[in-house]
Amino acid sequence: MQRYDSAIDMTGSDRDEDELPEHTKEPTVAGPIGPHMHHKRPLSPVAASSSSGPPSRSASPHSVHSPHSAIHSTDSPPNSAGHHDNTTSPHDLGAPLDLSLLSLPPVAVIPTRLSPEALHDLHEQLSAANADLVTTFPSDGQTADIHRARFFLGQINTPKRAAFELRKLGVHTEEVEAGTSREAVWQDDGLITVVKVEWWEKCLEKDGVQSINPYIVYVGRLTEGPPGGDGKKRALPSAEELVKEREMKRRRILERAQGDAGGSDSRVKVIPGKPWTKPNTTTSVDEEFGVKRPKLMRKTTSEYEREKGLANQVQPRYVREQLKLAVHRPHPLHCPNDAFINVLKTIKLSRTLQLDDIGIRAYSTAISAIQAYPYELLSSSTLLTLPGCDGKTSALFYEWYNSSPDDVSQRKIQAVEEIEQSEEYRVMKEFYQIWGVGAKTAREFYLDKGWRSLDDVIEFGWNQLSRVQQIGLKFYDEINFIPIPRPEVARIGALVGKVADELRPGYEYIITGGYRRGKEQSGDVDMVLCHRDEEQTRGGFLTMLVTRLEEEGWVTHTLYLGRGGGFGTQRVGEPPRSHGLAHGEGAEELEKAMVMWQEQDPASPFYKEEGGRNVSPHRRVDIILSPPSCVGTAVLGWTGGTTYERDLRRWVEKRWGWKFDSGGVWERGSGRRVELGEWAEGEDLVQCERRVIEGLGLEYFKPELRNTG
DNA sequence: CGGCGTACG
DNA sequence: CGTA
DNA sequence: GCCG
């Protein structure tokens, strides 16, 4: 089980090759999480019943990503040491009469590395020996009973592993010094003993209870347990603690970030400078350019010359046909004009911090149009031909290009330089990057409160922050400066999928967001979970799942956990409220959880330890739970990018008079549901999404071509 | 000159 | 108001 | 800031 890593499909390399045009293909990242994935190995020596042969893999035409089959296909044979090949146990079922475990404290079995058969047999044998047996895998995610157990049997070899497996079961312990007498162990109800399965085999072999001493792997003392496992929120540190913590963490984190992100510290040096905006003066970016009729701007000779070279270039369709909406053109992740786009992104951010929503929209539109342009831009007049780009964009390009025609890396725009140097911009940006702090609040911190650094926020404002803002601050560096490598995103998705499937077999998942659009590194993990049986997606399953993940330590903080939206357009299954119409089919709803995540498996390649402590970076993970009735729209709605999503809604409204949201498509007038996103039989999640897109009258562009910035 | 995605807690 |  |  510690081989999750190698089993993860790092690249989505299993492509579903079909005869679609190239741009419509994408790797299938979703797949059934086979119900038969649990523990399919013919494993334990205790497994009397002969389960032989390799684990059967769930075979679906498109599926590749069954965490289970993947995990179990990675054949690391169970530690061969303990692997006597006694498929014919003399004991079959039932324990010998003189083998009584009556005096043992409540016993439980750690299922890891045990086949279902082995697990089953063990359970039967133990109860036959009158053990006070606690079942470890109640099918419904109820772990209440497990807390009774004090004696665990498992195929475990190291104390660290034992503690990890216990935590997965919701039992939180810290290791106790060796040398605790066994009497003390039995008598102290706070102590947990983990013993190798071999011990029980020995007992069976000798027809009597044997000394456990040689088989003890771990003795631990029960601890508080995790944050939130019982619905309690983890106590956040005080301001003072956080300041210290930040100091200690910063160096390490930034070092690592440089390693991960290629060595650039994204924070700029502080240069005391003039304000970056002066209301009512003419120094704002917008007014810097006194070009009233930019379309008539005279071209320099060199620009004219460059342009002649472009004459034979075939302009892309969206330019020829002036298609304005991002849903009508492909946007690759990288394009020849990325450098200029970055300039526009800086201006867009400055507009964001000025609460200029319309400016944001305008720059987003221009950025996406340029992102779709397949050639290097060489003249401002070419830019004028792109939809969403006009005088201002063109003027910006003109200044930018001519500031250094021969060296792209040296090009700049004066107004943008000033933005980047201004304290106001830099500090507000820093605040804005706190999860839970928007532009308005960032401005308030800077302008009203007068704060100038994160330390100011912590020192002077800690108690005024919302809980999620405190969490956002606590993990500020990890969230903002340590991107998640693609393989780790895949690993997190697979793990969530696996745990979901363990709770209720039959779950499938797909990782959406930037990962699905092909990004090599992600800021967070977005995923859609779905079950073909609608019943299985109800009944607070997401809460159950998140609770389990908390118990096992993966989820360290829950930022948001709720039904029916909250953020975004998550409300599903019933018409938008504005229509005021009841919906017959009952309330199917999309559930969504936003959490902080941390790797817990010491064997994972993403696990980092320092001084015996887990210092793996915390990650932001969003989990969307969709009923089968709207999984197509959910996947489409959660894949993005932002401008694609906005234009999708505009198109649906304009073309059909419908309203799109990730929970479905609705008729405007009647409020009736347009049946588009249901999960059809024999269809995978990607095919389902495609049906929605085509049903809306759109060309299907694969997610890698929806990078609208 | 109005409109620009969108709903929710 | 912040989020996706 | 750009579109209709």
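In what follows, chains carry the letters A, B, and so on, assigned in the order in which the sequence lines appear, proteins first and then strands, with residues in each chain numbered from 1. Remember, it's a predicted structure, so these values are computed and weren't measured experimentally.
Seen from the ring of A:Y401, A:R411 counts as a face-on cation partner, given the 6.0 Å and 45° thresholds. Taking the ring axis of A:Y515 as reference, the NZ or CZ atom of A:R486 stays within 45° of it and closer than 6.0 Å to the ring centre. Judged by the 6.0 Å distance and 45° axis criteria, A:R690 is positioned over the aromatic ring of A:Y700.
In this structure, the nucleotide among D:dG1, C:dC1, C:dA4 sitting nearest to the side chain of A:W638 is C:dA4. The side chain of A:D390 sits closest to D:dC2 out of B:dC4, D:dC2, C:dA4. With distances taken from any side-chain atom of A:D526 to the nucleotides D:dC2, B:dG5, C:dA4, the minimum falls on C:dA4. Distances were taken from every side-chain heavy atom of A:K392 (C-beta onward) to each of B:dC4, C:dA4, D:dC2; the shortest belongs to D:dC2. Listed nucleotides: C:dA4, D:dG1, B:dT6. Nearest to the side chain of A:D622: C:dA4. When distances are taken from the side chain of A:R620 to each of C:dA4, C:dC1, B:dC4, the shortest belongs to C:dA4. Comparing atom distances between the A:K324 side chain and each of D:dC3, C:dG2, B:dG5 picks out D:dC3 as nearest. Out of C:dT3, D:dG1, C:dG2, the shortest distance to the side chain of A:M594 is found at C:dT3. The side chain of A:R646 has B:dG5 as its nearest neighbour among B:dG5, D:dG1, C:dA4.
The separation between A:W658 atom CH2 and B:dG5 atom P is 21 Å, rounded to whole Å. Between the NZ atom of A:K654 and the P atom of D:dC3 there is a distance of 13 Å, given to the nearest Å. Rounded to whole Å, atom C1' of B:dG3 lies 13 Å from atom CG of A:D647. Regarding A:L325, its CG atom lies at a distance of 11 Å from the C1' atom of B:dC4, rounded to whole Å. When rounded to the nearest whole Å, the span between CD of A:Q469 and P of C:dG2 equals 8 Å. In this structure, the CG atom of A:L559 is 10 Å from the P atom of C:dT3, given to the nearest Å. In this structure, the OH atom of A:Y560 is 10 Å from the C1' atom of B:dA7, given to the nearest Å. The CZ-P distance, from A:R650 to D:dC3, rounds to 11 Å in whole Å.
Comparing the P positions of D:dC3 and B:dG5 gives an interatomic distance of 15 Å, to the nearest angstrom.
A side-chain donor-acceptor contact under 3.5 Å links A:R452 to the backbone of A:Y446. Within the 3.5 Å criterion, the main-chain N or O of A:S662 finds a donor-acceptor partner in the side chain of A:T633.
The side chain of A:R361 contributes no N or O atom lying less than 4.0 Å from OP1 or OP2 of D:dC2. Not one side-chain nitrogen or oxygen of A:W435 sits closer than 4.0 Å to the OP1 or OP2 atom of C:dC1. Listed pair A:T393 / D:dC2 meets the phosphate criterion, a side-chain N or O lying under 4.0 Å from OP1 or OP2.
Ring-centre distance between A:H557 and A:F475: below the 6.0 Å cut-off.
Note on A:D357: nothing from the nucleic acid sits closer than 4.0 angstrom, heavy atoms only. Among the heavy atoms of the strands lying under 4.0 Å from A:V437 are primed sugar atoms or P, OP1, OP2 only; no base atom is included. Residue contacts for A:G359: at a heavy-atom cut-off of 4.0 Å it reaches no nucleic acid atom on any strand shown.
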